[in-house]
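My questions will all concern the structure given below.
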2 protein chains.
Amino acid sequence: MTTNEIAALLLNTPASVTDMLKKLSAKELINYQPYKGARLTEQGYKHATFLVRKHRLWKVFLYQSLNIPWEAVQEIAEELEHINSELLIDHLDSFLGFPKFDPHGDPIPNAQGKYTLRAQSLLSDLSPGKQGLIIGVKDQQLSFLQYLDEKGIGIGKTVTTIKHDPYDQSMIISMDQKEINLSGKAAGLIFIKSL
Amino acid sequence: MTTNEIAALLLNTPASVTDMLKKLSAKELINYQPYKGARLTEQGYKHATFLVRKHRLWKVFLYQSLNIPWEAVQEIAEELEHINSELLIDHLDSFLGFPKFDPHGDPIPNAQGKYTLRAQSLLSDLSPGKQGLIIGVKDQQLSFLQYLDEKGIGIGKTVTTIKHDPYDQSMIISMDQKEINLSGKAAGLIFIKSL
DNA sequence: ATTATAATTTAGACTAATCTAAAATAATCA
DNA sequence: TGATTATTTTAGATTAGTCTAAATTATAAT
Ligand SMILES: [Mn+2]
Ligand SMILES: [Mn+2]
Ligand SMILES: [Mn+2]
Ligand SMILES: [Mn+2]
């Protein structure tokens with residue numbers, strides 16, 4: 001990734017990113033070439049994968065065990081993920097029954113760092129008359145998740161495309177015996193498994 | 001508390017403590033008078049109580065839900081306690097069934113900050129022939145907890161004093177139909193409820 | 001009541017993580 | 001290919017949390 005990309009993603013300045021790239025490079029977590037961006041080393045990739053594992057396992061715990069709504073788990077998991085204890089995480093994984101996906105549908109690396117892959121497509125690509133099972137979301141922003149909550153849309157729901165508007169890409173889908181209007185933008189952020 | 005007491009407890013230097021006392025005082029969490037020590041304000045006391053609540057609830061979770069041994073929970077809870085979310089902690093409390101004591105027998109403040117009190121005495125004060133139920137430990141150091149593990153001593157065990165050595169205060173107690181030797185020092189660190 | 005000792009604070013320094021503004025380098029375009 | 005623009009790095013500053021050594025203040029002991 002390039003310096004500016006990282007800065008934009010982290011909401012930091014490019015100057016701060018450069019400083020940190022040098023530190024991560026000194027720790028051999030990335031290969032960094034001034035002006036040419038950086039790439040994770042194998043060690044850095046393992047670090048990152050463990051962080052993702054921690055983050056997503058905590059999300060499952062918060063959502064499934066504690067019944068915290070899916071739009072609130074992200075922020076809390078953002079802190080929990082920084083607690084460093086393999087013992088803790090492996091026990092948590094076992095307690096949760098070794099889940100493969102988090103409450104937003106993201107895959108959870110196992111203790112060996114392996115992800116479970118599965119076929120997925122976008123709801124926006126589901127042709128009229130076809131059925132799909134909602135398995136994930138592409139955007140985890142509060143506003144988007146709340147938008148879905150209001151319409152009753154969530155993971156595990158089965159939907160059928162009724163109509164696709166050729167002009168603005170908005171869709172009418174049927175779910176729970178009701179018809180729901182969905183903007184093209186939203187439909188493009190919902191992952192489904194076609195049935 | 002005085003500056004040196006705090007420094008000794010935290011394994012920091014007195015100079016660092018002075019610096020921090022000034023900062024906490026500026027935040028109105030303590031009343032601090034140079035050269036005369038510091039005391040928590042009401043606001044500071046609430047802060048502290050919430051920290052204790054978080055710490056002890058996490059210990060219950062680690063021990064009871066995740067089956068992490070009681071000598072390992074302290075270190076992990078030391079980090080978990082710093083995650084700030086009332087929502088999280090209140091859901092955790094509910095998930096755990098509103099426990100009143102942690103795995104080392106320490107009382108857990110409820111959401112209103114109230115502690116549950118209970119009568120307790122030291123195993124070292126249990127007279128020969130009398131029975132007691134182990135309900136807590138005064139020291140949570142790894143070495144002490146491992147010493148207890150080796151002897152099979154833990155919370156919930158019922159013990160009877162067989163003999164009290166008048167010279168070195170060491171005791172012989174019976175537990176699970178076995179006789180166990182215990183140093184005077186160790187017996188003075190075990191809380192019991194006399195039966 | 002001095003003097004010696006102990007406790008505490010201050011002065012000055014260091015590291016980590018951030019920032020703004022300026023300089024350097026790379027990429028684009030005329 | 002030279003000028004312009006965009007990207008990236010460097011220089012220098014700031015804040016938080018820590019430290020050591022020196023100065024100050026309080027306490028204890030003649
Ligand atoms: Mn997430
Ligand atoms: Mn985070
Ligand atoms: Mn504890
Ligand atoms: Mn802590």
Side-chain angles (χ1 to χ4, degrees), chain A residues 1-41 43-55 58 74-86 88 141, chain B residues 1-41 43-55 58 74-86 88 141:
Chain A
M1 286 186 77
T2 69
T3 301
N4 272 10
E5 279 168 3
I6 297 170
L9 215 57
L10 269 44
L11 308 179
N12 284 331
T13 62
S16 305
V17 172
T18 298
D19 285 348
M20 190 55 70
L21 290 180
K22 286 193 239 171
K23 289 174 193 168
L24 293 175
S25 185
K27 288 186 185 170
E28 313 215 357
L29 294 173
I30 59 173
N31 287 128
Y32 166 59
Q33 315 241 218
Y35 292 103
K36 311 203 69 182
R39 170 179 288 271
L40 289 171
T41 59
Q43 202 199 143
Y45 183 82
K46 278 186 189 156
H47 247 258
T49 302
F50 187 46
L51 190 64
V52 168
R53 172 167 160 77
K54 287 184 287 180
H55 179 91
W58 279 120
Q74 169 66 24
E75 188 184 344
I76 303 175
E78 205 52 59
E79 300 194 40
L80 284 163
E81 72 188 3
H82 298 292
I83 286 156
N84 265 323
S85 166
E86 293 221 19
L88 167 63
Q141 287 208 305
Chain B
M1 288 186 76
T2 68
T3 301
N4 272 10
E5 280 168 2
I6 296 171
L9 215 59
L10 269 46
L11 307 179
N12 283 331
T13 62
S16 305
V17 172
T18 297
D19 286 348
M20 190 54 71
L21 290 180
K22 286 193 242 173
K23 289 174 192 169
L24 293 174
S25 185
K27 288 185 185 173
E28 312 216 0
L29 294 172
I30 59 173
N31 287 126
Y32 166 60
Q33 314 242 217
Y35 293 102
K36 310 202 73 182
R39 170 179 289 271
L40 289 171
T41 59
Q43 200 199 145
Y45 183 83
K46 277 186 190 157
H47 246 256
T49 301
F50 187 47
L51 190 63
V52 168
R53 173 168 159 78
K54 287 183 287 180
H55 179 91
W58 279 120
Q74 169 65 27
E75 189 185 343
I76 303 174
E78 204 53 59
E79 301 193 42
L80 284 164
E81 71 188 4
H82 297 293
I83 286 157
N84 267 323
S85 165
E86 293 222 20
L88 167 62
Q141 286 208 303

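Side chains included, hydrogens not; waters and symmetry mates left out as well; all remaining heavy atoms used.
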- Closest non-hydrogen atom pair between B/Met1 and B/Leu9, with its separation: CE-CD2, 4.1 Å

- What is the distance, rounded to the nearest whole Å, between atom CG of A/Leu10 and atom C1' of C/dA17?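 To the nearest whole Å, that distance equals 13 Å.
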
- Query: Base, sugar-phosphate alone, or nothing: which one does B/Asn12 contact when heavy atoms must sit under 4.0 Å apart?
  - Reply: sugar-phosphate

- Item | Exercise: identify the closest heavy-atom pair between B/Gln43 and B/Glu28 | NE2-O, 3.6 Å

- Item | OP1 or OP2 of D/dC19 under 4.0 Å from side-chain N/O of B/Thr13 |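 Answer is yes, contact under 4.0 Å.
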
- Under 3.5 Å, side chain of B/Thr41 to main-chain N/O of B/Leu29, donor-acceptor pair present?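 Side chain of B/Thr41 to backbone of B/Leu29, a donor-acceptor pair under 3.5 Å: yes, one is there.
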
- Task: To the nearest Å, give me how far apart CG (B/Leu21) and C1' (C/dT9) are.
- Result: 11 Å

- Task: Report the nucleotide, chosen from C/dT10, C/dT25, C/dT20, that has the shortest atom-to-atom distance to any side-chain atom of B/Lys22.
- Result: C/dT10

- Item | Phosphate OP1/OP2 of C/dA6: any B/Asn4 side-chain N/O under 4.0 Å | no

- Query: Taking CD from A/Gln33 and P from D/dT9, how many angstroms apart are they, rounded to a whole number?
  - Reply: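 In whole Å, D/dT9 P lies 11 Å from A/Gln33 CD.
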
- Applying the side-chain hydrogen bond (donor to acceptor under 3.5 Å, both in side chains) test to A/Ser16, which of A/Asp19, A/Thr13, A/Thr18, A/Asn12 qualifies? A/Thr13

- Task: Using a cut-off of strictly less than 4.0 Å, decide whether A/Tyr35 has a side-chain nitrogen or oxygen near OP1 or OP2 of C/dA23.
- Result: no

- Message: Using only atom types and a distance under 3.5 Å, with no angle test, would you say the side chain of B/Thr3 pairs donor to acceptor with the backbone of B/Pro14?
- Response: no

- Message: Under 4.0 Å, heavy atoms only, any strand: does B/Lys23 hit a base, just the sugar-phosphate, or nothing?
- Response: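 Result for B/Lys23 = base.
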
- Reckon B/Thr18 touches a base, only the sugar-phosphate, or nothing at all at heavy-atom distances under 4.0 Å?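 Base, at least one base atom sits under 4.0 Å.
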
- Query: Start at the 5' end of DNA chain C and walk down; is the nucleotide closest to A/Asp19 or to B/Val17 reached first?
  - Reply: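 On the 5' side of the pair lies B/Val17.
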
- Starting from P on D/dC19, measure out to CE on B/Met20 and report it in whole angstrom. 10 Å

- Query: Is any side-chain nitrogen or oxygen of A/Tyr32 closer than 4.0 Å to OP1 or OP2 of D/dT9?
  - Reply: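 True: A/Tyr32 side-chain N/O within range (under 4.0 Å) of D/dT9 OP1/OP2.
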
- NA contact type, A/Pro34, heavy-atom cut-off 4.0 Å: base, sugar-phosphate, or nothing?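 Result for A/Pro34 = sugar-phosphate.
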
- With sugar-phosphate meaning primed atoms plus P, OP1 and OP2, does B/Ser16 contact a base, only sugar-phosphate, or nothing at under 4.0 Å between heavy atoms? base

- Where the side chain of B/Ala15 is concerned, which of C/dT10, C/dT8, C/dC19 is the nearest nucleotide?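 The answer is C/dT10.
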
